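No experiment lies behind these values; they were computed from the predicted model shown. Residue numbers count from 1 along this sequence.
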Amino acid sequence: MHVPGHNSGRWLEDVPGEDLERLINAAPGREIATGKFDSPRSSARLAVNAFGYFFRNPCYLPPLPDCEDVEWPATSVNVEQSIRFPWQGGRHPWLDALISTPSALIGVESKRFEPFGRRSRNREGSAVSSTYWRAGWGDQMEGYQEVRNRIHDDKNLFIRLDAAQLFKHALALRTEVNRGGKHNGLTPILFYVYAEPAVWPESNVLVDEQEKIDHRQEIARFAQTVVSDEVRFVACSYRKLLTVWQRSENPGVRSHAEAVDLCFQP
């Protein structure tokens with residue numbers, strides 16, 4: 001099997017690259033045009049290659065870890081998908097992948113190197129504006145609103161986890177399953193999948209192990225806060241996800257998991 005290295009190819013051999021590239025180019029982030037997608041740090045390239053394998057055959061996707069209780073198989077797997085807040089205007093979230101099953105709508109947010117380094121994720125780029133105090137949360141989203149309130153008061157509460165981005169995704173998912181369209185009535189799930197890379201690609205310096213521990217602890221704190229809310233929050237490492245795929249009865253899925261592991265080493 002040919003597996004492209006970080007600088008020698010954009011797509012794994014077994015994914016429909018042309019189809020996926022059209023979806024990415026339709027998104028406002030201009031990931032490919034700006035060169036971000038081809039960066040050796042790119043989280044989007046990992047996510048789109050990983051989940052893009054199932055774009056044409058969503059039924060091949062194994063049940064996601066801790067989501068086995070919803071109805072499977074998946075009926076659609078899309079990448080770079082927008083879901084809207086319960087108001088007009090402004091910027092609306094884009095998810096790395098959006099998965100539909102007969103009973104659930106699963107929004108996938110993927111991280112790779114972003115949680116690591118010395119920056120506060122909520123100080124840089126994910127401000128909580130007054131917009132997010134509008135009505136539209138429903139009466140079963142108190143945990144996410146608590147996260148909103150706490151990070152508004154303390155920008156350093158979550159250093160490794162972009163909690164502001166996650167609660168915004170949760171609001172949009174909650175809106176989507178209540179708006180009366182094709183996803184109406186589905187169980188909304190926010191699936192956070194994260195890599196724990198060994199080294200920084202440019203320097204080959206080790207990624208700090210304590211930062212990985214801190215990231216996991218922040219995930220656990222976030223998960224506990226929203227545990228009773230309408231939008232279920234599930235966190236999963238890429239290592240755990242690929243282990244599930246490697247155990248699939250479908251040889252193509254097993255081969256794909258090995259290719260993702262070999263190319264991206266998440």
Side-chain angles (χ1 to χ4, degrees), residues 23 27 47 50-51 54-55 58-59 61-88 90-111 126 128 131-151 158 161-194 218-237 240-241 244:
L23 292 173
F51 288 94
F54 305 99
F55 175 68
C59 61
L61 177 66
L64 298 180
D66 298 318
C67 299
E68 294 90 349
D69 59 320
V70 305
E71 292 183 53
W72 294 90
T75 55
S76 67
V77 177
N78 286 295
V79 299
E80 288 294 312
Q81 293 294 295
S82 177
I83 48 176
R84 299 186 63 81
F85 292 130
W87 53 74
Q88 299 297 318
R91 298 176 63 183
H92 297 261
W94 286 79
L95 289 162
D96 291 301
L98 191 64
I99 300 165
S100 297
T101 83
S103 66
L105 181 68
I106 305 171
V108 177
E109 177 59 34
S110 169
K111 296 299 181 189
S126 291
V128 183
T131 300
Y132 300 99
W133 271 262
R134 298 181 187 181
W137 291 86
D139 58 3
Q140 295 180 317
M141 295 285 283
E142 292 183 356
Y144 286 103
Q145 292 177 86
E146 181 181 341
V147 169
R148 174 201 62 192
N149 297 344
R150 290 170 65 187
I151 63 177
F158 291 96
L161 185 72
D162 194 342
Q165 182 189 54
L166 291 177
F167 89 72
K168 293 172 186 179
H169 285 352
L171 173 57
L173 281 167
R174 191 264 168 196
T175 304
E176 181 65 23
V177 301
N178 285 281
R179 72 168 71 252
K182 64 181 180 179
H183 298 132
N184 189 60
L186 298 181
T187 297
I189 300 174
L190 178 56
F191 189 83
Y192 181 70
V193 58
Y194 58 93
E218 292 186 9
I219 292 170
R221 188 193 317 154
F222 183 96
Q224 183 58 41
T225 305
V226 304
V227 67
S228 299
D229 283 19
E230 179 180 352
V231 178
R232 186 196 305 184
F233 176 71
V234 175
C236 176
S237 69
K240 181 176 180 179
L241 181 67
V244 170

Please find the pair of heavy atoms, one from [X] and one from [Y], that lie closest to each other, and give the distance.
X: Arg179; Y: Arg84; result: NH2-O, 3.2 Å
X: Arg174; Y: Gly136; result: NH1-O, 3.5 Å
X: Pro62; Y: Trp72; result: O-CZ3, 4.1 Å

Next item on the list: With sequence neighbours excluded, tell me which residues meet side-chain hydrogen bond (donor to acceptor under 3.5 Å, both in side chains) with Thr101.
Entry: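 Partners of Thr101 by the side-chain hydrogen bond (donor to acceptor under 3.5 Å, both in side chains) criterion come out as none, since no residue qualifies.
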
Checklist line | Listed partners of Asp96 passing side-chain hydrogen bond (donor to acceptor under 3.5 Å, both in side chains), at least two apart | finding: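 With neighbours one apart ignored, the set is empty.
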
Next item on the list: In sequence, state the C-alpha distance, the side-chain angles, and the governing distance for Leu98 and Leu173, and then conclude on side chain to side chain contact (heavy atoms under 4.5 Å, CB included).
Entry: CA-CA 10 Å; Leu98 191 64; Leu173 281 167; 4.2 Å; yes

Notebook entry, point to check: Can you list every pair that meets side chain to side chain donor-acceptor pair (under 3.5 Å) and has a residue in residues 185-194, with sequence neighbours left out?
Noted result: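 For residues 185-194: Tyr192-His215.
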
Note to self: Looking at Glu146 and Tyr144, would you say the former's side chain and the latter's main chain have a donor-acceptor pair under 3.5 Å?
What the structure shows: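 Not a single qualifying donor-acceptor pair exists.
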
Can you sort out the partners of [X] under salt bridge (Lys or Arg N to Asp or Glu O under 4.0 Å), two or more places apart, ordered by chain and number?
X: Glu142; answer: none
X: Glu218; answer: none
X: Arg221; answer: none

Check: Any side-chain heavy atom of Ser110 sitting closer than 4.5 Å to one from Val193?
Finding: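 Side-chain contact under 4.5 Å: yes.
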
Next item on the list: Please examine the side chains of Val108 and Ile99, heavy atoms only from C-beta on, and report whether any two atoms are closer than 4.5 Å.
Entry: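 Answer yes - side chains close enough.
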
Item checked: Any pair counted as salt bridge (charged side-chain N to carboxylate O under 4.0 Å, His left out), so long as it reaches residues 69-79, sequence neighbours left out ->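 Salt bridge (charged side-chain N to carboxylate O under 4.0 Å, His left out) check on residues 69-79 returns Asp69-Arg232.
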
Next item on the list: Could you give me the CA-CA distance, side-chain angles and deciding distance for Val231 and Phe167, then say whether side chain to side chain contact (heavy atoms under 4.5 Å, CB included) is met?
Entry: CA-CA 10 Å; Val231 178; Phe167 89 72; over 6 Å; no

Item checked: Pairing residues for Phe233 by the ring pair (Phe, Tyr, Trp, His ring centres under 6.0 Å) criterion, not counting sequence neighbours -> Phe222

Show me the donor-acceptor pairs, under 3.5 Å and distance only, between side chains in residues 74-81 and residues at least two apart or in other chains.
{"from": "Thr75", "atom 1": "OG1", "to": "Ser100", "atom 2": "O", "distance (Å)": "3.1"}
{"from": "Ser76", "atom 1": "OG", "to": "Ser100", "atom 2": "OG", "distance (Å)": "3.4"}
{"from": "Gln81", "atom 1": "NE2", "to": "Val79", "atom 2": "O", "distance (Å)": "3.0"}

Check: How would you list, by chain and number, every residue that makes a side-chain contact (heavy atoms from CB on, under 4.5 Å) with Pro65, sequence neighbours excluded?
Finding: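 Partners of Pro65 under the side-chain contact (heavy atoms from CB on, under 4.5 Å) test: Phe191, Cys236, Lys240, Leu241, Val244.
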
Next item on the list: For Gln145, check side-chain contact (heavy atoms from CB on, under 4.5 Å) against everything at least two apart and list the hits.
Entry: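 Expected list: Trp137, Met141, Arg148.
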
Item checked: Distance in Å, Leu64 CG paired with Ile106 CD1, rounded so as to fall on 0.5 Å steps -> 5.0 Å

